[in-house]
Amino acid sequence: MSETKPALVRASLNGYRWEEVPNLPYKDNASAPFKAVSRQVLFADPQLGCELRYFEVEPGGYSSLERHEHVHAVMILRGRGLCLVGEQVSEVQPHDLVNVPGWTWHQFRATGDEPLGFLCLVNQVRDKPQLPTEEELSELKSNPVVAAFLSS
Ligand code: MN
């Protein structure tokens, strides 16, 4: 199987776009609820064993509330937001680092009037995200901090 390798150097375009990197929908299937999120895959060489993606959440937008076995290593690059990891809600800003452990509910929400942009490192081979059932969602909402986050 032939595979096109990216150029050795791909220039940044206006800061948050890159040469040869298509701006993709957040998810290939629109099965999960999310709003105003785009995805760019920056590094995906199979030899790395991992992928580095750049996500951007428009103001008022949010990523899907999900959990999975694989972990995320996130660095915020632009904007302001709130993130939920487990039952912890945190304000995030550029250069903050977020660990999402396996099987932990997580979601990112953009606050303020600039997009929330972040790098996300993941395993190349990974399981599919799970969405909360109605029961799991009401369990999450039994924590008032989480409930406030989810309705923000
Ligand atoms: Mn995830």
Side-chain angles (χ1 to χ4, degrees), residues 6 10 12 15-18 20-152:
R10 291 165 291 157
S12 163
Y16 305 99
R17 295 293 315 274
W18 291 266
E20 298 184 13
V21 179
N23 200 21
L24 303 168
Y26 172 48
K27 304 257 177 182
D28 290 326
N29 58 347
S31 56
F34 62 90
K35 191 179 160 192
V37 187
S38 68
R39 170 174 60 106
Q40 297 177 76
V41 180
L42 307 182
F43 295 98
D45 188 319
Q47 281 193 284
L48 284 171
C50 60
E51 292 180 9
L52 186 65
R53 299 92 48 86
Y54 175 73
F55 291 95
E56 224 170 62
V57 184
E58 294 301 313
Y62 47 84
S63 63
S64 58
L65 174 62
E66 61 179 39
R67 68 176 179 181
H68 35 67
E69 184 176 29
H70 64 274
V71 306
H72 290 313
V74 170
M75 179 191 264
I76 309 299
L77 279 197
R78 74 180 293 198
R80 294 273 186 285
L82 288 171
C83 73
L84 173 73
V85 180
E87 299 210 357
Q88 184 177 319
V89 175
S90 308
E91 288 183 15
V92 289
Q93 59 180 359
H95 308 149
D96 287 349
L97 303 174
V98 181
N99 278 310
V100 178
W103 294 119
T104 306
W105 296 114
H106 56 283
Q107 187 175 56
F108 289 84
R109 288 177 176 261
T111 56
D113 28 274
E114 201 193 342
L116 174 69
F118 55 91
L119 295 169
C120 179
L121 184 67
V122 281
N123 291 97
Q124 198 145 47
V125 178
R126 54 188 185 271
D127 60 319
K128 276 211 167 70
Q130 284 183 2
L131 304 179
T133 61
E134 284 301 316
E135 198 182 354
E136 287 165 337
L137 197 56
S138 54
E139 203 177 302
L140 277 163
K141 286 179 178 168
S142 68
N143 179 333
V145 174
V146 177
F149 168 87
L150 290 173
S151 63
S152 65

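Side chains are part of it too, since the values below use all heavy atoms of this structure and drop only hydrogens, waters and symmetry mates. One-based numbering, in listed order, for ligands and for the atoms of each.
Between the side chains of Glu66 and Ser64, at least one donor-acceptor pair of N or O atoms lies under 3.5 Å. If you check the side chains of Arg17 and Gln40, you find a donor sitting under 3.5 Å from an acceptor.
Geometry about the Mn ion (ligand 1) gives an angle of 90° between NE2 of His106 and NE2 of His68, rounded in steps of 10 degrees.
Checking Cys120 against the Mn ion (ligand 1), every N/O/S atom stays at or beyond the 2.8 Å cut-off. For the Mn ion (ligand 1), the N/O/S atoms of His72 include one lying under 2.8 Å.
For Glu66, the N/O/S atom at the shortest distance from the Mn ion (ligand 1) is named OE2.
Ring planes of His72 and His106: perpendicular class, angle over 60° (limits at 30 and 60°).
Contact of the Leu24 side chain with the Arg39 side chain is registered, since non-hydrogen atoms from C-beta on lie closer than 4.5 Å.
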